[in-house]
Amino acid sequence: QASRENCANLVKQVVAMEDTCCWKYEHSTLDAVNPFDWSRPVTLNEAIQDLEKLSESDKKRTLVLYIDKKESPPMSNEQAIGRLKAIIKGREMPPFTLDGTPGDFPPEIAALAFGGGGFKSVGCFWPVFYHLGKTRDLREMLDGIHIGAASGGGWFFSNLIFNREVWKSVSTGMSDDEFLKMYREFFEDTLTALQDTQSPLEEMKEKVLQAILGNSLLESVLNSQGFPLFDRDMLLWINYYLSQPNGWKLLNDTLSTKQSYTPNADLNVTCDLANGILTDVT
């Protein structure tokens with residue numbers, strides 16, 4: 001009992017620090033909390049290094065991560081590394097703020113168009129609706145209208161209409177800090193889901209994909225489709241989808257998590273979806 005209490009206290013101390021991580025094995029008791037050194041706080045990069053050093057027998061154990069004062073679901077060693085890399089990648093993005101106003105917007109609308117741009121479309125349109133939600137009843141504004149969505153705009157459409165968390169963020173008067181926290185976690189979770197699908201690459205295939213998706217001469221083409229130049233982590237997960245019989249559908253499924261099969265707020269809308277962005281619900 002004393003050992004378990006000491007472990008619990010150590011967990012509380014470590015998770016109080018920002019950008020640190022600790023672990024515990026998933027046991028019925030806390031006797032085997034954390035296979036690493038509790039005496040030092042570890043950054044997320046250090047956590048990855050420690051996880052990569054685990055013996056083969058330890059890698060088969062189930063881990064729970066404590067990151068930024070929150071406990072993760074149980075996961076494998078590979079999943080833990082993927083989640084940490086996704087969070088680091090998300091935090092390397094340039095800082096963003098919410099400022100300005102939605103601008104002129106007609107009091108009544110008959111239709112909306114969500115433009116393309118890959119998954120960036122979700123990140124671009126979402127804050128617009130957050131701002132609109134401060135001055136409008138979004139359900140009243142959207143119910144009964146027609147929506148046109150091209151390419152990545154279809155991903156935003158399905159999140160706006162079927163993702164309960166996205167709807168909550170734009171329709172319940174959240175503060176900017178609350179919205180930005182949900183916004184960041186949404187994309188961190190998406191990156192984590194992509195990391196979980198990584199598939200090993202043969203040397204020749206990696207060189208071919210790098211020559212295409214990492215080619216600086218194609219940067220403007222990739223940007224037009226919502227993609228940056230691919231780094232090695234991105235090549236590993238895109239290789240998974242390229243190697244599957246219906247990889248495009250699987251990619252859509254990965255990018256469309258937490259969506260319900262009924263519309264938010266009982267909305268009734270129609271939508272034309274262009275360029276093949278079909279999610280499970282649509």
side-chain contact (heavy atoms from CB on, under 4.5 Å) between Leu251 and Tyr240, intermediate numbers included: CA-CA 9 Å; Leu251 176 59; Tyr240 169 79; over 6 Å; no
What's the verdict on side-chain contact (heavy atoms from CB on, under 4.5 Å) for Ile48 and Glu52, showing C-alpha distance, side-chain angles and the deciding distance? CA-CA 6 Å; Ile48 292 173; Glu52 289 174 339; 3.6 Å; yes
Verdict with supporting geometry, Asp189 and Thr257, side-chain contact (heavy atoms from CB on, under 4.5 Å): CA-CA 9 Å; Asp189 289 346; Thr257 58; over 6 Å; no
Starting from the C-alpha separation in whole Å, work towards a yes-or-no answer on side-chain contact (heavy atoms from CB on, under 4.5 Å) for Val269 and His146. CA-CA 6 Å; Val269 300; His146 184 75; over 6 Å; no
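Heavy-atom neighbours of Lys205 NZ from other residues, nucleotides or ligands within 6.0 Å: above the threshold of 12. Residue-environment remark: NZ (Lys258) stays at or below the threshold of 12 foreign heavy atoms within 6.0 Å.
Remark: side-chain polar atoms of Thr172 are not paired, donor with acceptor, to backbone N or O of Ser169 under 3.5 angstrom. Asp143 places no side-chain N or O within 3.5 Å of a backbone atom of Leu267 that could act as its donor or acceptor partner. Without hydrogens or angle criteria, Asn264 side chain to Leu160 main chain gives a donor-acceptor distance under 3.5 Å. Listed for the Tyr183 side chain is a donor-acceptor partner under 3.5 Å among the backbone atoms of Gly123. The backbone N or O of Ser175 lies less than 3.5 Å from a partner atom in the side chain of Glu178, making a donor-acceptor pair. With hydrogens and angles disregarded, no donor-acceptor distance shorter than 3.5 Å links the side chain of Asp272 to the backbone of Ala149.
In this structure, CG in Leu194 is found 8.5 Å from CD1 in Ile238, a value given to the nearest 0.5 Å. In this structure, CD on Glu165 lies 11.0 Å from CD on Gln259, to the nearest 0.5 angstrom. Note that the CG atom of Leu191 and the CG atom of Asp233 stand 10.0 Å from one another [nearest 0.5 Å]. For the atom pair CG (Leu112) and CG (Leu142), the distance works out to 6.5 Å, reported to the nearest 0.5 Å. For the atom pair NZ (Lys168) and CE (Met182), the distance works out to 5.0 Å, reported to the nearest 0.5 Å. Remark: Leu217 CG to Ile212 CD1 distance equals 13.0 Å, nearest 0.5 Å.
Within the 4.5 Å cutoff, no side-chain heavy atoms of Phe129 are placed close to those of Val166. Using a 4.5 Å cut-off on side-chain heavy atoms (C-beta onward), Asn163 and Phe186 make contact. With contacts defined as side-chain heavy-atom distances shorter than 4.5 Å, the pair Leu213/Leu229 does not qualify. For the pair Thr270/Ile147, no side-chain contact is recorded, criterion being any heavy-atom separation below 4.5 Å from C-beta on. Residues Val170 and Leu132 have side chains not in contact (no heavy-atom distance under 4.5 Å, counting atoms from C-beta outward). Looking at Leu255 and Val122, their side chains never come closer than 4.5 Å, going by heavy atoms from C-beta outward. Contact of the Trp167 side chain with the Phe162 side chain is not registered, since no non-hydrogen atoms from C-beta on lie closer than 4.5 Å. You'll find the side chain of Glu206 reaches within 4.5 Å of the side chain of Arg232, heavy atoms only.
Look at Glu140 and Arg136 and you find no salt bridge, because none of the NZ, NE, NH1 or NH2 atoms lies under 4.0 Å from a carboxylate O. At a threshold of 4.0 Å, the pair Lys249-Asp253 counts as salt-bridged, since one of the basic side-chain nitrogens sits closer than that to a carboxylate oxygen. At a threshold of 4.0 Å, the pair Asp176-Lys134 counts as salt-bridged, since one of the basic side-chain nitrogens sits closer than that to a carboxylate oxygen.
Closest approach of Ala193 and Thr254 over heavy atoms only: CB-CG2, 3.7 Å. Nearest heavy-atom pair across Ser151 and Gly116 is CB-CA, 3.9 Å.
Between the side chains of Tyr241 and Ser199, no donor-acceptor pair of N or O atoms lies under 3.5 Å. Side-chain N/O atoms of Thr262 and Arg164 include a donor and acceptor closer than 3.5 Å.
Ring orientation note: the planes of Trp237 and Phe230 are tilted relative to one another, at an angle of 30° to 60°.
With Phe114 as reference, Phe125 is the one residue of Phe157, Phe125, Trp155 to meet the ring-ring contact (aromatic ring centres under 6.0 Å, His included) rule.
Between Phe179 and Trp126, the ring center distance clears the sub-6.0 Å criterion.
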